[in-house]
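Here is the structure we will look at, set down as structure tokens.
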Amino acid sequence: MTAELAGRVALVTGGARGQGRSHALRLASEGADVVVCDIAAQLGTVPYPMAGPADLDETVALVEKTGRRCLGLVADVRDTDAMQRVVDRTTDEFGRLDIVLANAGVMTVCDNTWDISDEQWAETIGVNLTGVFKTCRAAVPPMIAGGRGGAIVITSSIAGLRSYPALTDYTASKHGVVGLMRNLAHELGPHRIRVNTIHPTGVASPMAFNDFFGSWLAPREQLTRFMTENVLPTGAIRPEDVSDAVSWLVSDRARWVTGATIPVDAGFLLK
């Protein structure tokens, strides 16, 4: 890897495992110091095991093995004060903030939209959309004050660009972050801060690959085919495949890319 991100500081939410961990490792391998935060606890309506403190500690240890500094913090992206503390710790420890990966997310299922409970809707929208807003709201002022520009990448999904059965609240949240991204990109352009969304197809991470989703999908053959068949001959892609795109988006190689929705979908959106 090159050191094209040397001297820069990145904040990754949802960094305890999965895509967040992969992104943190990629940016560190390219020279960035990294702050990772995660709720590291279980939410009541999320049907699969979420990351815990040990996962967050493991991410920190793996990043440090690259030779870069890493700070791991337990924080709920839905909590205004918690996200402000994360950003304050970042700037206190490292003196700057250049890159934000608003990656924290959860996925819940529903047979019908009208069967979604208030609690499920609130948790999914709270983490996936409100959490992105609160992350960006806390991070933007020090990025502007730094005067160096920067990059924000928000993790959306193919479900942020099309309808997606059985995932109504997830789909709504992932569409929502696209609108948030576009407004932020417009507002932050004069400060040379670029804002984009990334839209993966199914990713082989603990959020999608777990006992719950395996058993839930088993009797739903048509839905299984829809979710798992891409145009290119692959099933789920790897977190590292998404990190390849994220690495480019936050680098100077993408210095004129902002307000964009970047699919990493193996052609899924062509279906």
Ring geometry between Trp216 and Phe212 (parallel below 30°, tilted from 30 to 60°, perpendicular above 60°): parallel
cation_pi(Lys174, Tyr164) dist<6.0 Å, angle<=45: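 No; the conditions do not both hold, so Lys174 does not lie above the ring face of Tyr164.
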Under 3.5 Å, is there a donor on one side chain and an acceptor on the other for [X] and [Y]?
X      : Y      : result
Glu187 : Asn183 : no
Ser29  : Thr66  : no
Gln19  : Ser205 : no
Ser157 : His199 : no
Thr124 : Ser173 : no

For [X], which of [options] qualifies under side chain to side chain contact (heavy atoms under 4.5 Å, CB included)?
X      : options                        : value
Ser156 : Asn128, Leu161, Val178, Val132 : Val178
Asn196 : Leu249, Val250, Leu184         : Leu249
Ile152 : Leu101, Val140, Ile99          : Val140

Could you tell me whether [X] and [Y] have a side-chain N and a carboxylate O separated by less than 4.0 Å?
X      : Y      : result
Arg148 : Asp98  : yes
Glu58  : Arg21  : yes
Arg8   : Asp252 : yes
Asp111 : Arg220 : yes
Asp244 : Arg26  : yes

For the [atom1] atom of [X] and the [atom2] atom of [Y], what is their distance to the nearest 0.5 Å?
X      : Y      : atom1 : atom2 : value
Thr224 : Leu217 : OG1   : CG    : 4.0 Å
Ile154 : Thr135 : CD1   : OG1   : 9.0 Å
Trp248 : Ile198 : CH2   : CD1   : 8.5 Å
Arg162 : Phe268 : CZ    : CZ    : 5.5 Å
Met83  : Arg137 : CE    : CZ    : 11.0 Å

Side chain to side chain donor-acceptor pair (under 3.5 Å) partner of Gln120, the single match among Thr45, Thr168, Asp169, Asp115: Asp169
Lys65, NZ: over 12 other non-hydrogen atoms inside 6.0 angstrom: no
Atom CG of Asp211 with >12 non-hydrogen neighbours under 6.0 angstrom: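 Not buried by this count: 12 neighbours or fewer within 6.0 Å.
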Close side-chain approach of Leu11 and Val87, heavy atoms under 4.5 Å: yes
Check: Pro233 main-chain N/O paired with Glu229 side-chain donor or acceptor under 3.5 Å: no
Criterion side chain to side chain donor-acceptor pair (under 3.5 Å) on Thr201 and Asn230, from CA distance to verdict: CA-CA 8 Å; Thr201 186; Asn230 298 302; 2.8 Å; yes
